[in-house]
Amino acid sequence: TAVPVRHCTQPCPFMFQAYGIVWKAIDRNTGEVVALKKIFDAFRNRTDAQRTFREIMFLQEFGDHPNIIKLKNVIRAQNDKDIYLVFEYMVTDLHAVIKKGNLLKDIHMRYIIYQLLKASKYIHSGNVIHRDQKPSNILLDTDCFVKLCDFGLSRSINQIQEEPGNPALTEYVATRWYRAPEILLASPRYTKGVDMWSVGCILAEMLIGSPLFPGTSSINQIERVMRVIPAPSTEGNSQAKILSGTRSTLDELLPKTTPPDALDLLKKLLVFNPEKRLTSEEALEHPYVSKFHNPAKEPALTRDVLLPVDDDTQLSVAEYRNKLYEMILQRKTFLRRRRHVMYKQPSLELAGRDVEHKDSKPVLPRSTTAPAAVSAATEPVPEPEKPPQSNGASYNPITHSVSTYTGFQSE
């Protein structure tokens, strides 16, 4: 089914994903460049319906954070099977940048990790775990500005049912290479630490230029991890039985040019025991990101983010579809009324907040209130900080050129 003509013009596919395809498009109403994601047969079965429902609901909750992708609109396809998600446009993702070679300088790596930690702190403060942080889910623009995306596997910790014999969280989440040991070892309960392990793997991959633990199976994955990461001392004997190869250390696997503070952060994130890993808040205090650390620009929620349907409540495909469109309609109605009220009150300083200009990036609102059926109002989010600058011109790792972080040059 074609996308409504009023919404975009000359769409050009630029990214293929497991659950759909993404186009670069132009919103004809505003002239703004957007990313248009088509999810094929989004409600083909309960699993896909639940994933679609989760992603949209969580994006509506977290999308006002400057380092989380903003969902601008949801369009129902004419066939009532496919669904279109309209996002703010980002040039590339971290996986593509790493794959191209040694493009990222030390300052860029630090800035990327800092922003990822900010996004993680915001999500975790709402008692939600992302569960699928990996380079391909970290979107970038030419300023090395980060947007975390893909919340289809996210879970609200407080909505996990404590039922014996019914593990609330499964191993089959996150790409294998970024899975924490507790997931690989089939722990039925895990914490926000699974995201922090993934952050450590992402940092290591930027430093090395390739995945740190590229396991070929779940067993091979845990073997690779245990050859490098010390297991708890009480399990030392069992570790020796599992390993069949020579042990190595992070120091040996990383380039000799790795900064000491980067290695120190890695060792505190890639810890076998999840209780001893740094939290997102603690990691933001680490010297590796001290150049950018500013508590005033690192917001946190003061409430739990809960979905209108518990994660462990299995609805029928039709129920998921109807509930999703019902929630979307409620939110659009709410936002329409909110804009109407704000336009009636110029004193609310609308200029530059809710109005997006054709030649400028979207300006994030200071706060957005979700529909009552979803949640209470979200906290104010500060304006994003400026990207790192060095003396004179800075190297742009995306466009392969020396620039001052202005504009976008397509390849």
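Computed from heavy atoms alone, side chains included, the values below leave out hydrogens, waters and symmetry copies.
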So, using salt bridge (charged side-chain N to carboxylate O under 4.0 Å, His left out) as the criterion, who are the partners of Glu205 when residues are at least two apart? none
Measure from the side-chain N and O atoms of Lys121 to the backbone N and O of Glu298, and report whether any donor-acceptor pair falls under 3.5 Å. yes
Closest heavy-atom pair and its distance - Trp197, Tyr178: CD1-O, 3.5 Å
Could I get the full list of salt bridge (charged side-chain N to carboxylate O under 4.0 Å, His left out) partners for Lys267, not counting sequence neighbours? Asp251
Sequence neighbours excluded, which residues qualify as side-chain hydrogen bond (donor to acceptor under 3.5 Å, both in side chains) partners of Asp106? Arg110
Is there a donor-acceptor pair under 3.5 Å between the side chain of Arg131 and the backbone N or O of Leu153? yes
Closest contact, heavy atoms only, Ile98 versus Gly209: CG2-O, 3.7 Å
In chain order, what residues pass the side-chain hydrogen bond (donor to acceptor under 3.5 Å, both in side chains) check against Thr216, with sequence neighbours excluded? Asn220
All salt bridge (charged side-chain N to carboxylate O under 4.0 Å, His left out) counterparts of Lys268, not counting sequence neighbours: Asp264
Per side chain to side chain contact (heavy atoms under 4.5 Å, CB included), Val128 is matched among Ile157, Leu301, Val305 by Val305
Going by the rule ring-ring contact (aromatic ring centres under 6.0 Å, His included), which residues pair with Tyr288 if we only count those two or more places apart in sequence or in a different chain? none
Check: Gln115 side chain, Val146 main-chain N or O, donor-acceptor pair, under 3.5 Å: yes
Looking at every heavy atom in both Thr249 and Val228, which two are closest together, and how far apart are they? C-CG1, 4.1 Å
Exercise: identify the closest heavy-atom pair between Phe145 and Met90: O-CE, 3.4 Å
Please report the interatomic distance SG(Cys201) to CG(Leu266), rounded to the nearest 0.5 Å. 8.5 Å
